[in-house]
Visitor: 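Once you've had a glance at the structure underneath, I'll fire off some questions.
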Amino acid sequence: MARSLEKLASIDAQLRLLAPGKVSEDDKLVEYDALLLDRFLDILQDLHGDDLKETVQECYELSAEYESKHDPKKLEELGNVMTSLDPGDSIVIASSFSHMLNLANLAEEVQIAYRRRAKLKRGDFADENSATTESDIEETLKRLVVQLKKSPEEVFDALKNQTVDLVFTAHPTQSVRRSLLQKHARIRNCLAQLYAKDITPDDKQELDEALQREIQAAFRTDEIRRTPPTPQDEMRAGMSYFHETIWKGVPKFLRRVDTALKNIGINERVPYNAPLIQFSSWMGGDRDGNPRVTPEVTRDVCLLARMMAANLYYSQIEDLMFELSMWRCSDELRVRADELHRSSKKDAKHYIEFWKQIPPSEPYRVILGDVRDKLYTTRERSRHMLANGISDIPEEATFTNVEQFLEPLELCYRSLCSCGDQPIADGSLLDFLRQVSTFGLSLVRLDIRQESDRHTDVIDAITKHLGIGSYRDWSEEKRQEWLLSELSGKRPLFGPDLPKTEEIADVLDTLHVISELPSDNFGAYIISMATAPSDVLAVELLQRECRVKKPLRVVPLFEKLADLEAAPAAVARLFSVDWYRNRINGKQEVMIGYSDSGKDAGRLSAAWQLYKAQEELIKVAKQYGVKLTMFHGRGGTVGRGGGPTHLAILSQPPDTIHGSLRVTVQGEVIEQSFGEEHLCFRTLQRFTAATLEHGMHPPVSPKPEWRALLDEMAIAATKEYRSIVFQEPRFVEYFRLATPELEYGRMNIGSRPSKRKPSGGIESLRAIPWIFAWTQTRFHLPVWLGFGAAFKYIMEKDIRNLHMLQEMYNAWPFFRVTIDLVEMVFAKGDPGIAALYDKLLVSKDLWDFGERLRANYEGTKSLLLKVAGHKDLLEGDPYLKQRLRLRDSYITTLNVHQAYTLKRIRDPSYHVKLRPHLSKEIMESSKPAAELVKLNPTSEYAPGLEDTLILTMKGIAAGLQNTG
């Protein structure tokens, strides 16, 4: 070996220090990463010996050499190392590099927090570049007042009336198990504390030992989900973020907003009931293509969320009771306290002794004691209903709506203020009021999502049962006419004798669950694949027929390119219906989908059509006097609309947010946004500040000539994208051979099937596995395909267009963000890695097709750099450039390991010939690594292959920080 293994951590650190484009604050990143790597290598040596540790070093060095020269021979040498490993060692190598990338992520998160604190101390917010800019709330308020000449009162009024609704979804893009995420959180906390300034030597030693323990615990935890999660599991995982960071993070963030307001001259706090931040969920409500989300699941997740909310309040209110020990109060509160004290009819008998301990001289405790009592019964009733379907606790003994919950708290607040104790009222009580206003009794509001065709099936069954024909065969005009006549009448349309298929029963039973549970459990009813007003009216009619007491607002979702183009006209027809316009009371929500539009037409055309559709939808809404809220269905990757939050918001068309924004937060993005206290704070700040800034200082509108140019580019981009993805007869075969798409389902990262329909090609494939497969091979085809053809067409048409494109890049936020995100994807890509997959996995007759795609990749990258005016990728963002380079050697090792593992998996003779021999060898082996193979004894592949493959998938996802 050229170097001793013990020096690997320091070599790694030196590589970081020597990386070109380094920014000064990265010293801490180097230090954090080297410490974690050093601890891990010690653990690896203790658990698996010197040989495996040396193999890790050899793989790392070969990858580093490849990254410096991009010599394909180094990949071949690396492949030879991989194929020489026995099954147990193969798993350990994959797990080691996956684990090291997770540790690199944790070092980076701690470094982000460090940089943030350093900036706060300097008071410096203006030095950020395009990919790392943060929308700081205090700096945003100051900029609006000082630079943009807005009055403090204008800013305050806009802020307290705006709403950001973050919608957690169960989309299967989080590849890391929840048990590992919790261990990662503890590693992150240990690392942050180790570098605190006031740490003592004893503290440092204890933290270092704790860090070692947690790293080892994470490494010894099985990374692989052995069974798919249920929708209930997904919901529990999503809701755990509320318990860990969001619950306390919201009032902490709102206090920072109060401070920022004070610093611009507003001596008033944000009202506790101002809807600044709201939370919703699709977990257990999104049944679009997921047969595992049943009406029973929807009922379960609602009751579970209600129980969790009551438990969080219940565990907190006792602290509030002991804090509010003062005796002076208003007459109003004194009368209420005396009434409660005299009452001996307590539903929860075990509280009687507790109540006797509260003297009449502590009236606030009497009031809050009653609140605590009702929270207990609220929690227990939900628990009973969840477990048994019934409860002996009467509903009137619980809180049934948030107004009942708020009333005694507001009484306490008013009383404190009237007695000169407002500083006390503005302490924990205000925080509690803000939590109640934000989370309500349901913690989150559950959206229901269903495909439009399923509603058509139900209505069709009804019209046939009534003997009036087939609704499915009717024209849109006839459908609307009949739906409106029924909505205007009162007769029930069907009874229990309605003939029902399983699918029809599912739709109706879901609506019956909505009607039976408290209305504050639910948010919107979203119709995917919506195309016409009748899609919306059908859901309105079905809600009435199923006796939904407070009908959910109905939200059409426009996804594919043609649907987005037709959306403004469809919404205009909907608003022209008098019955519907009266129903919505001047408010409408429309969802636009980034995932399927990108899969349908490519990123450039989808992004531009999404932009134009929003502009036109806002015009339609203004014409009919309707306030429109755009609901952005964004994923984590650029191919599914992902990217930095603040840039995404600030690049939206003018007037399209206007103080009201809904956006999905899904998969790995939930962890990246809320996995740690600092991340939670930063996320809430970014959404709030960017939404405020967009409303008060809208981005520039594109010039007519820019629009015309982009229209031409979109046509060229769509033509190329579709000619390859949908019209090239060899494409589907190539895609499935050159990527791990066929093996994606083995990861068990979500409850939802990867296809809407079991059979079918690219059209039926969901956007997540489509993006995931190309991300794994570092080729990212769905993101960049079409850009090159568009640039080439425009530049060949008129060379002056290059100057116009550069002008657009420098002056138009939407275009700049679009280009910057694709440039970032190119920085993460490597066509040399994609070529290795071709060489090992693709039949020779398709090699020329792969070479053509890679030539297109290089040509597109060259043209993109011309438009951005850059010589090298990310030259304008050295911090991000370095962060990505630091991961490359780890990711490359996993790519090579994956490609060679896929080659073995897809060779049937390998399993048939070697499985019995390997199984016997493993069962008799005394090597520690051999135990890992026994974790998956039922795989149809030869021992070790499936686990190795899944570990490489998880590691690459962790390294690129993009799963789907």
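Along the sequence shown, the residues carry numbers beginning at 1.
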Visitor: List the atom of F219, the atom of S95, and the distance in Å for their closest heavy-atom pair.
Guide: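 Between these two residues, the closest heavy atoms are CE1-OG, 3.6 Å.
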Visitor: Does a salt bridge link R682 with E109, judged by any charged N lying under 4.0 Å from a carboxylate O?
Guide: no
Visitor: With sequence neighbours excluded, what pairs up with D46 under the salt bridge (charged side-chain N to carboxylate O under 4.0 Å, His left out) test?
Guide: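 Expected list: none.
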Visitor: Is there a donor-acceptor pair closer than 3.5 Å between any side-chain N or O of S240 and the backbone N or O of A237?
Guide: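 Checked: pair present.
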Visitor: With sequence neighbours excluded, what pairs up with Q216 under the side-chain contact (heavy atoms from CB on, under 4.5 Å) test?
Guide: I43, L47, R220
Visitor: With sequence neighbours excluded, what pairs up with Y857 under the ring pair (Phe, Tyr, Trp, His ring centres under 6.0 Å) test?
Guide: F779, W784, F826
Visitor: Using the test salt bridge (charged side-chain N to carboxylate O under 4.0 Å, His left out), find all partners of K861 that sit at least two apart in sequence or belong to another chain.
Guide: E858
Visitor: Hey, what's the ring geometry for H99 with H184, parallel, tilted or perpendicular (30° and 60° as the breaks)?
Guide: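 H99 vs H184 ring planes: tilted.
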Visitor: With a sphere of 6.0 Å drawn around CD of E677, does it hold more than 12 non-hydrogen atoms of other residues, nucleotides or ligands?
Guide: no
Visitor: Does any donor atom in the side chain of E108 or Y32 lie under 3.5 Å from an acceptor atom in the other side chain?
Guide: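 Looking only at side-chain atoms, Y32 and E108 do not form any donor-acceptor pair under 3.5 Å.
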Visitor: Among residues at least two apart in sequence or on other chains, which ones pass salt bridge (charged side-chain N to carboxylate O under 4.0 Å, His left out) with D208?
Guide: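 For D208, the residues satisfying salt bridge (charged side-chain N to carboxylate O under 4.0 Å, His left out) (neighbours in sequence not counted) are R39.
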Visitor: Quick one: list whatever passes side chain to side chain donor-acceptor pair (under 3.5 Å) with T860, sequence neighbours left out.
Guide: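 Only N856 meet the side chain to side chain donor-acceptor pair (under 3.5 Å) criterion with T860.
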Visitor: Under the side-chain contact (heavy atoms from CB on, under 4.5 Å) test, which residues partner T739, sequence neighbours left out?
Guide: F735, E741, A773, W774, T777
Visitor: With sequence neighbours left out, write down each residue that passes side-chain contact (heavy atoms from CB on, under 4.5 Å) with K73, or none if nothing qualifies.
Guide: D71
Visitor: Partners of F674 by ring pair (Phe, Tyr, Trp, His ring centres under 6.0 Å), sequence neighbours excluded?
Guide: F168
Visitor: With sequence neighbours left out, what residues match H897 under ring pair (Phe, Tyr, Trp, His ring centres under 6.0 Å)?
Guide: none
Visitor: Is N895 reaching over with its side chain to a backbone N or O of Q776, donor-acceptor style, under 3.5 angstrom?
Guide: yes
Visitor: Would you say the side chains of T901 and T948 form a donor-acceptor pair under 3.5 Å?
Guide: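 There is no such pair between these side chains.
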Visitor: Under 3.5 Å, is there a donor-acceptor pair between the side chain of R778 and the main chain of D830?
Guide: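 No, R778 side chain to D830 backbone: no donor-acceptor pair under 3.5 Å.
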Visitor: Can you name the nearest heavy-atom pair linking V56 to I93, along with the distance?
Guide: CG2-CD1, 3.7 Å
Visitor: Indicate the atoms forming the closest heavy-atom contact of C59 with L78, along with that distance.
Guide: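 That closest heavy-atom pairing would be CA-CD1, 3.6 Å.
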Visitor: Under the ring pair (Phe, Tyr, Trp, His ring centres under 6.0 Å) test, which residues partner Y66, sequence neighbours left out?
Guide: H70
Visitor: With rounding to the nearest 0.5 angstrom, report the CG to CZ distance, D42 to F40.
Guide: 10.5 Å
Visitor: Go through the structure and list residues passing salt bridge (charged side-chain N to carboxylate O under 4.0 Å, His left out) with R852, not counting sequence neighbours.
Guide: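 Only E728 meet the salt bridge (charged side-chain N to carboxylate O under 4.0 Å, His left out) criterion with R852.
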